[in-house]
There are 2 protein chains.
Amino acid sequence: MSAVPSRFSTTKAATEREVRGAGGAANPGNQGASAGQAVGLSHAGGPSFSPLYRQIKDLITASLQGGEWKAGEAIPSELDLAARFGVSQGTVRKAVDEMAAENLLVRRQGKGTFVATHAEQKVQYRFLRLMPDEGSQSLERQLLDCKRLRAPAAIAKQLQLRAGDQMVEVRRLLKAQGRPVVLDDIWLPGNLFKGLTTERLNQYRGPFYGLFEAEFGVHMIRAQEKIRALAADAEAAALLQVPLGAPLLSVERLSFTYGDKPVELRRGLYHTESHFYRNELN
Amino acid sequence: MSAVPSRFSTTKAATEREVRGAGGAANPGNQGASAGQAVGLSHAGGPSFSPLYRQIKDLITASLQGGEWKAGEAIPSELDLAARFGVSQGTVRKAVDEMAAENLLVRRQGKGTFVATHAEQKVQYRFLRLMPDEGSQSLERQLLDCKRLRAPAAIAKQLQLRAGDQMVEVRRLLKAQGRPVVLDDIWLPGNLFKGLTTERLNQYRGPFYGLFEAEFGVHMIRAQEKIRALAADAEAAALLQVPLGAPLLSVERLSFTYGDKPVELRRGLYHTESHFYRNELN
DNA sequence: AAGTGGTCTAGACCACTCT
DNA sequence: GAGTGGTCTAGACCACTTG
C-alpha cells in the first residue's frame, strides 16, 4: 500500500487495531501532520478521504453498536479514548462533538460523556412532535393489541425484510385528559424483538423506545416521517372518538438504528383539534 | 470591574471595540489562558458566563444584521476576522462552525465563508418540506393577490406588531404538473416591505425569500411550523380543486430574522394526495 | 483534590480553488 | 503559488462535579 506506516487507512477505518496501548511513546516526531494525513493518498479508487476524527467516530459507533457501552451509561473519558486510539484529545473531541450533535452521545460537564437514551429523560418522548394548544404535555398510554404475524410485502420492504418474515404488530392509543389523541400502529422485525408481549409492554413505565433499549438492545437513533392529511375511516373514527371522515394527521415514521438500519415502522393518526405537530426549520 | 484588562466582557459582548488592529503584538505572555477567561468572573449578577467564541459569534451576527455583508457574499477569511477581533483563528473557527451549523453561514473549502441565502441555491425552497410521492420537485407559482391592510389582532400579535399596523397580505398557489398543491396566505409587516407590489413579486424568479433578501434586506434564518389536519372550506376547495370537506394539511409558519425577530406569518394548505410533508427526527 | 468536559492559543501541514 | 478552509497536535487554564 504505502511506504509510510499508518494507523488508520485513508479510506475506511481500521476496525480492530487500537494501536499503541499504554506505555508507548506519544508518537514523537510526527505531530502536526497526523499519521492519517501523512499517507497522503486520496487519489482514485475509493471514497477519496476520511479524516482521522471520522474514523474515530466510526470506531466509537461500532462500540456502541456492539453494546460495549449501554444506553445511559458513561463512555470512557476523552483522554482515555485518545490513549486507546492513539490520537490527541482534540481529535477525539471533534469526533465526540459530532456524535453529540447527532444525539448519539450526551456530554455533561464535569461528569463525562454518556450514551444517549430514550428512557429517563426530561423529555419523555424524544421523537413525538405533538404539542397541546394549551397547557403542558401529559399523555396516558393504552395498549390495544400486540400480536405476531407474517410481514405484508409493503411493510417488509420498508424494514428491509422478506415478505412473510416474522413480525410484531402493536396497536395503542395515547390519551390527553382522558381523550384519545393518537392512534399508533407499530411494526417491528420479529427476529429483533423475540419475547415482546402485551405484558412486557404494559409493565414498562416510560416510552417504548426505552423498553426497546433496555430489553432488546435496539437503539432508535433517527427517524424519517411522512405526513399527510386524511379522512378518518370507521375504525379510526371509533377509536379516536371523532366523526367518520373527520380530518386526521397521518404520520408515517420509519426509525433507524446504528448503521442506518430500519428497525421500526409506525403509522400514527393524530387528532389535531387541540393539539398540533410542531416543527422547527433551519 | 476587574484588575485584569479584558477585551470582552464576561457577560455580554463588547459591541464596538475591535481591539488591537493591525501592527499590535500578538498578545504575548497571555496565550493558553485567554483574556476572556482570565477575568475569572461568572459569579452572581448576569447570564453568568459567555465564552469568547460566543461573543465573536454575536459580533459576526451583528455585522450580518447590519448589512456589512449581504446574502451570498463572502465574509472575511478566518485569519482576517481573527486579526480584527484580536483572537486566535481557532476561536473564530469555533464561532463560524456554530453559525454554519445554524445555516447562517456556508463554508466552501478553498473559496471562503459565505452568507447563507435562499436565492441561487441548489435547493430552491429551503423551508418547504413538501415532497412528491414520485418524481422530483418542480413547482410553478401563481400569484393570486397582494394587498395592504391593517393588521388583525391575531396576526399582529404573532408578528409583535400592534393591531391596526400596516401590513402586506399575499395569496398564491404552488402547482405541480399544472395541478394546485399548495395555497399560501402570507402576512408581512408593512414597514419592512415598503414598495412590495404584485409586479415585483411576479417579476422575481425564484423563491420569495430570495426577493426579500435582495430587495428588502430581510433574511429568514429559521422558522417554526404548527401542522394540523383540517377540512377544506369552499374557498380552499375551489382553489385547490378538491371536494368540499376534503382533508388538507394546514401548515402555519412563523419565520424569524436575526435576533429572533418574527417577520413573516404564513398559512399554507397542502393537498397531500400525491405529495407529503417530509420531516427528519434526530 | 482529582477528574471531567469546555475554552483558548499556537503552529504545522493537508485539501481545495483560483490565478 | 497564494489564499482559503480542514485536520491534527500539544499545552494551558477554566468551569463543573464528585469525593
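Below, chain A is the first sequence line, B the second, and so on; all start at residue 1.
- Here Ser77(A) reaches the OP1 or OP2 of dT4(C): one of its side-chain N or O atoms lies under 4.0 Å away.
- Summarising the geometry, the separation between CZ on Phe114(A) and P on dT17(D) is reported as 11 Å, rounded to the nearest angstrom.
- Side-chain atoms of Arg108(A) and base atoms of dG5(C) include no donor and acceptor less than 3.5 Å apart.
- Note: CD1 (Ile75(A)) to P (dG5(C)) measures 8 Å, nearest angstrom.
- Of the possible donor and acceptor atoms, none in the side chain of Arg278(B) sits under 3.5 Å from a partner among the backbone N and O of Arg129(B).
- One can place NZ of Lys94(A) at 4 Å from P of dT7(D), the figure rounded to the nearest angstrom.
- Computed from coordinates, the Asp80(A) CG to dA2(C) C1' distance equals 14 Å when rounded to whole Å.
- In this structure, Leu52(A) places its CG atom 20 Å from P of dA12(C), rounding to the nearest Å.
- When distances run from any side-chain atom of Lys111(B) to the nucleotides dC8(D), dC18(C), dC8(C), the shortest one goes to dC18(C).
- Salt bridge annotation for Glu102(B)-Arg222(B): absent, with no cationic side-chain nitrogen under 4.0 angstrom from a carboxylate oxygen.
- Here dT9(C) presents its P atom at 13 Å from CG of Leu79(B), a figure rounded to the nearest Å.
- Between Gln109(A) and Thr91(A), it is Thr91(A) whose nearest contact on DNA chain D lies nearer the 5' terminus.
- The side chain of Ser88(B) approaches dT9(C) more closely than any other nucleotide in the set dT18(D), dC8(D), dT9(C).
- For Arg93(A) against dG6(C), a side-chain-to-base donor-acceptor contact under 3.5 Å is present.
- Mapping Val92(A) and Gly110(A) onto DNA chain D via the closest heavy atom, the residue that lands nearer the 5' end is Val92(A).
- Relative orientation of the Phe193(B) and Phe212(B) rings is perpendicular, given thresholds of 30° and 60° on the angle between their planes.
- Rounded to whole Å, the distance from CD on Gln89(A) to P on dG11(D) is 12 Å.
- Aromatic ring pairs are classed by plane angle as parallel below 30°, tilted from 30° to 60° and perpendicular above 60°; the pair His118(B) and Phe127(B) is perpendicular.
- Straight-line distance from the NZ atom of Lys57(A) to the P atom of dT7(D): 11 Å, rounded to whole Å.
- Under 4.0 angstrom from either OP1 or OP2 of dG5(D) there lies at least one side-chain N or O belonging to Thr113(B).
- One finds a salt bridge joining Glu68(B) and Arg84(B) here, because a Lys/Arg side-chain nitrogen approaches an Asp/Glu carboxylate oxygen to under 4.0 Å.
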